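Side-chain atoms are counted along with the backbone in the values below, which use heavy atoms only and exclude waters and symmetry mates. Below, chains carry the letters A, B, ... as their sequence lines are ordered, and counting in each starts from 1. Fair warning: this is a prediction, and the values are worked out from it, not measured in the lab.
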Amino acid sequence: MKWSAVPLVAGRALQRHPMRTFLTALGIIIGVGAVITMVGLGQGARHEVEEQVNRLGQNVVLVFPGARQLGGVSIGGGQANTLTIEDALAIRDEIPEVVAASPEVRSQRVVVYGNRNWFTRIYGQSADYLQIRQWPMESGAMFTEEDVDRAALVAVVGQTIVDELFEGADPIGESIRVRGLPLTVIGVLAPKGMSLMGSVQDDIIVVPYTTAFQRISGRSHAMVINVQVYDQASMGIAQDKITDLLRERHRLAPHQENDFTVQTQEEVAQAATETSRIMTVLLASIAAISLFVGGIGIMNVMLVSVTERTREIGLRLSVGARGRDVLAQFLIEAVVLCLLGGIGGILLGLTSTNLIAAYAGWPALFSREAMVVAVSVSAAVGLFFGFYPAWKAARLDPIVALRRE
Amino acid sequence: MSHRLIELQGVTRVYRTEAIAVEALRGIDLSVDAGELMAIMGASGSGKSTLMNVLGCLDRPTTGSYHLGGRDVSALSKDELARIRNQTVGFVFQNFNLLPRTSARENVELPLLYTPEPLSWREIRARAREALEIVGLADRSHHTPAELSGGQQQRVAIARALVTRPRLLLADEPTGNLDSRTGLEVMDVIQRLNDDGLTVLMVTHEPDIATFASRTVVLRDGLVRADRRTRPRRAAHVLQDWQEDDDVVLPPELDEIGAADGAGPAAGVERTDEAEPTEVRA
Ligand SMILES: Nc1ncnc2c1ncn2[C@@H]1O[C@H](COP(=O)(O)OP(=O)(O)OP(=O)(O)O)[C@@H](O)[C@H]1O
Ligand SMILES: [Mg+2]
């Protein structure tokens, strides 16, 4: 058979019913678009979690409020009110292996400078937070213990804040306002890098935790306590000692469970990666269902097409086409239809990922693998759902087919 | 010195429907030599089309044997039958069976897409053109069937049957849907092909058309009832005579009808032109 004629014939058949072709492809477009968007968002979330965990710093132990939960990770965590500022101070002062401890509280707030404003995350931390995070300053200085003690209205800002609020100008000494509360910028954090996620990390303002607790968040308990241990070898002992100390401070009886969770950076990373992996798989499977539904649409339309074109099939058979030539013809037609949908789906996926990333502020990643997979899957959908109609066509008897109206 | 092309022995074909079995062919013995131009006649329902389908390898006999070019066809697989349909036999259907919305050229190219050895596009184009030239339609190659007259469509169908250069042309009522003048033109094409050595079997209802064949077989109730050889008339000669008679002017009353017809569409357009805006306004 002349193979180069097959896509031509397929293209012409699809052209003949442009609306039908478009609507059928739309099923695949939405399916592939959904897969790409979901995988992109899932991977973006995972990437951010990994980044967050990795930038925690060295020899870091995290103490979360509440009992051990699946992926007790900083994102969205810290619901229970069991960790106090005093707990953090006790960890720092009473455990010799601990170098620094910072009770963390986060708030999302609009920050105003002049006539510009910006929605960002405000972190309340201790003065040694940057040491725990191993995060250098770009200019200016971190606030001091003294600033913490008197809940000074000072702030250290990330690079994104400099870009967005100050349009790149030097912010040091300037005053920004958070819900009417004026904060003086005293330092700029070094940018975390050029990556997509870098800018997310740099979208941050750090203030003394006292200021955050009293003036900004309205909370009284820490969302997490960041603890730095003296060295890698002491991590295990430190964890045990923190646990003992907190059980004692919280007056837990031996039969009672911990009302907090102590995790090393590695444990957090594992749990977080696992959670986000599950989320990605979950999202992708939901999207895959829509791709499946799109495939059923393809099958339906191909069945209609075979019925409509029974005479054409009979004619092809009568001039020497073999069953397998007819099979190939209809299979390729289904695959072409699906590939059209696949390409449209990639465009839709990229657009919607971009939109969601831009407007909802979710991190998103465009993964090349996801696109390759999406296109291969749509071709496979074409083959799978196109097979039955094509097989039906190939089995036709030439005279019966020619006689059919 | 001609050799056997077709050899049928005791061929039957029984159609089984839920209720009854119809014996369309009840034991046909028939042999055809290469180079013959044979007409198959018979009443409606006598089994002519069924026989053609068997001969064209579109259908298989229920019992009996069919040798085509010395090969026993009844034993071949589906794919081998497809190959014979492609290479050895050209089939012209009663109702043309052209692909709609597809140009004459592409319709003619169709069998070439399924040759056992794929041809180059250049070869495919050249052969399609050659076949259209044979039937005198080279200048209509871009027209779709809807843009062709019945006779032209039938000639495209013949070109398609010829394009793989088969040894046998089977035509089921090739002139059945045509007026007698166009039918003659088609017969002329068929006779010239036969002159070049193509074996032709055609079904016809019209005794007139059968006179162009060198042999006529009559079927009745699925059996061969008569088989006679005659001296064929030449369609070209008949056409020539026709043309000479035809130079007559139309009788006046027909001429008037022609004029009225010519005025008809123009008047119609005027009327709709007036009617439409009124409707829109209302
Ligand atoms: N697919 C079929 N199923 C059942 N019976 C059939 C089928 N095709 C043909 N027949 C029967 O077989 C007989 C022969 O039919 P066939 O079409 O060969 O006749 P024919 O000689 O070509 O008639 P016509 O001149 O009207 O075309 C008829 O009685 C017809 O009803
Ligand atoms: Mg018939």
Inset, instruction - Give the intermediate values and the outcome of side-chain hydrogen bond (donor to acceptor under 3.5 Å, both in side chains) for residues B:Thr63 and B:Thr12. - result: CA-CA 5 Å; B:Thr63 61; B:Thr12 66; 2.5 Å; yes
Inset, instruction - Starting from the C-alpha separation in whole Å, work towards a yes-or-no answer on salt bridge (charged side-chain N to carboxylate O under 4.0 Å, His left out) for B:Arg127 and B:Glu130. - result: CA-CA 5 Å; B:Arg127 286 235 215 152; B:Glu130 183 193 72; 5.9 Å; no
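With a threshold of 4.5 angstrom between heavy atoms, B:Asn53 approaches chain A through side-chain atoms but not through N, CA, C or O. Contacts between B:Thr164 and chain A at a heavy-atom distance below 4.5 Å are absent for every atom of the residue. Contact of B:Arg101 with chain A is made through backbone and side chain together, with heavy-atom distances under 4.5 Å. Using a 4.5 Å cut-off between heavy atoms, B:Ile84 makes no contact with chain A at all. Interface remark: B:Glu109 contributes no atoms to any contact with chain A (heavy atom separation under 4.5 Å). Proximity to chain B (any heavy atom under 4.5 Å) is restricted, for A:Arg324, to the side chain, taken from C-beta onward.
Side-chain contact between A:Val32 and A:Val377: absent, with no pair of heavy atoms (C-beta onward) separated by less than 4.5 Å. At a threshold of 4.5 Å between non-hydrogen side-chain atoms, the residues B:Met202 and B:Met187 count as touching.
For chain B, the option among A:Gly320, A:Ala5, A:Pro398, A:Gly314 with the highest count of heavy-atom pairs below 4.5 Å is A:Gly320. Top candidate by heavy-atom pairs under 4.5 Å with chain A, chosen from B:Asn97, B:Leu99, B:Ile124, B:Leu98, is B:Asn97. Taking chain B as the reference chain and counting heavy-atom pairs below 4.5 Å, the highest number among A:Leu317, A:Val9, A:Val6 is found for A:Leu317. Ranked by non-hydrogen atom pairs under 4.5 Å with chain A, the options B:Thr115, B:Leu119, B:Val89 are led by B:Leu119. Chain A forms the most heavy-atom pairs under 4.5 Å with one residue out of B:Asp79, B:Leu58, B:Leu81, and that residue is B:Asp79. Looking only at heavy-atom pairs under 4.5 Å with chain A, the residue among B:Pro118, B:Gly90, B:Pro111, B:Cys57 that has the most is B:Pro111.
The side-chain tip of B:Arg13 points at the ring of B:Tyr15 from less than 6.0 angstrom away and within 45° of straight on. Figure legend: A:Arg395 and A:Trp391 shown as a cation-pi pair, the cationic atom lying under 6.0 angstrom from the six-membered ring centre and within 45 degrees of its axis.
Other residues, nucleotides and ligands place more than 12 heavy atoms under 6.0 Å from the CZ atom of A:Phe119.
Here A:Glu308 pairs with A:Arg20 in a salt bridge; the nearest charged N to carboxylate O distance falls below 4.0 Å.
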